Every structure is written in structure tokens, then in C-alpha cells.
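This report refers to the structure that appears directly beneath it.
Fair warning: this is a prediction, and the values are worked out from it, not measured in the lab.
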Amino acid sequence: MSYHFLERKDPRVDVLFQGLENMERLIAAMEDAPKSVFHGERFLTDEELSKILRGCRRTLQEYRTLGVIPYYLVQGKALYKESDIQKILEDAYKRCREDMRWV
């Protein structure tokens with residue numbers, strides 16, 4: 001059995017790193033690509049919405065139980081219409097702004 005060690009100056013190392021950089025670019029492009037839509041609406045999963053709101057999935061469960069956020073339940077998986085979430089956030093912002101006017 002023979003062992004061949006690669007040195008930093010070996011051209012194969014450059015090829016390897018170029019391939020890794022290309023993969024990194026492709027993954028970044030996939031993350032930035034728009035998600036598929038259904039009848040012009042984009043739906044978010046628990047995981048996606050919790051990342052956007054910077055909250056935990058358990059909090060989303062409480063919001064669903066309390067009726068704070070509308071959702072669709074498809075085969076046991078909760079989906080949220082992105083436009084509904086945006087409207088809820090905008091309405092909450094408007095209420096805060098209105099409350100501040102009277103202070």
C-alpha cells in the first residue's frame with residue numbers, strides 16, 4: 001500500500017478548493033432563490049416562520065391555539081400564508097403607532 005501526500009502547492013489542491021467554492025456559491029444561490037408559490041401565494045413552514053420571527057416553534061403552536069395567527073394544517077404539518085403573516089405584523093405596527101400618538 002502506498003500513500004501519497006498532497007502538499008499545498010499541488011495543483012490538485014487548488015482544483016479541490018475551487019470545487020468547494022463553486023458548491024458554496026450554488027448553495028447560496030439556492031437559499032436566495034424564491035420558493036415555489038401556490039396560486040400566487042407563498043406558504044411558510046413552522047421552521048421557516050420561526051426563523052423569520054426569531055421565535056421558537058412552540059410559540060407558533062401557542063399562537064395557533066390562541067387564534068393569533070391563521071394557518072393551514074396539511075397532513076399534520078402547519079403552513080402559514082406569507083401574506084397573512086405580513087398583514088398581522090403590519091396591523092400590529094399600525095396599532096402601536098396609533099397608541100403612541102396619544103401619549
Review point. Does one hydrophobic cluster hold both F43 and V74, with members joined at side-chain heavy-atom distances below 4.5 Å?
Key: yes

Review point. Can you name the closest pair of heavy atoms from C56 and S50 and give their distance?
Key: C-CB, 4.1 Å

Practice item. Would you check, one step at a time, whether the test side-chain contact (heavy atoms from CB on, under 4.5 Å) holds for D14 with F17? Key: CA-CA 5 Å; D14 286 335; F17 280 110; 5.5 Å; no

Exercise for review: For K87, enumerate each residue passing the side-chain hydrogen bond (donor to acceptor under 3.5 Å, both in side chains) test, keeping only those at least two apart in sequence or located in another chain.
Suggested key: D91

Exercise for review: May I ask you to say whether E90 pairs ionically with K94, meaning some side-chain N is under 4.0 Å from a carboxylate O?
Suggested key: no

Exercise for review: Give, for atom CD1 of I27 and atom CD of E24, the distance between the pair rounded to the nearest 0.5 Å.
Suggested key: 7.5 Å

Point to revise | Other residues, nucleotides, ligands: >12 heavy atoms within 6.0 Å of Q86 CD | key: yes

Review point. Is K81 close to P70 at the side-chain level, that is, under 4.5 Å between some pair of heavy atoms?
Key: no

Check your understanding: What closest approach, in Å, do R57 and E47 show between heavy atoms, and which atom pair accounts for it?
Key -> NE-N, 4.1 Å

Practice item. Output the distance between atom CZ (R25) and atom CG (L20), rounded to the nearest 0.5 Å. Key: 11.0 Å

Check your understanding: Mind checking who shares a hydrophobic cluster with I52, ILVMFWY linked at side-chain heavy-atom distances under 4.5 Å?
Key -> L44, L49, L53, L60, Y63, L66, V68, I69, Y71, L73, Y80, I85, I88, L89

Practice item. Please determine, by modelled atom types, if R64 and Q61 share a side-chain donor-acceptor pair under 3.5 angstrom. Key: yes

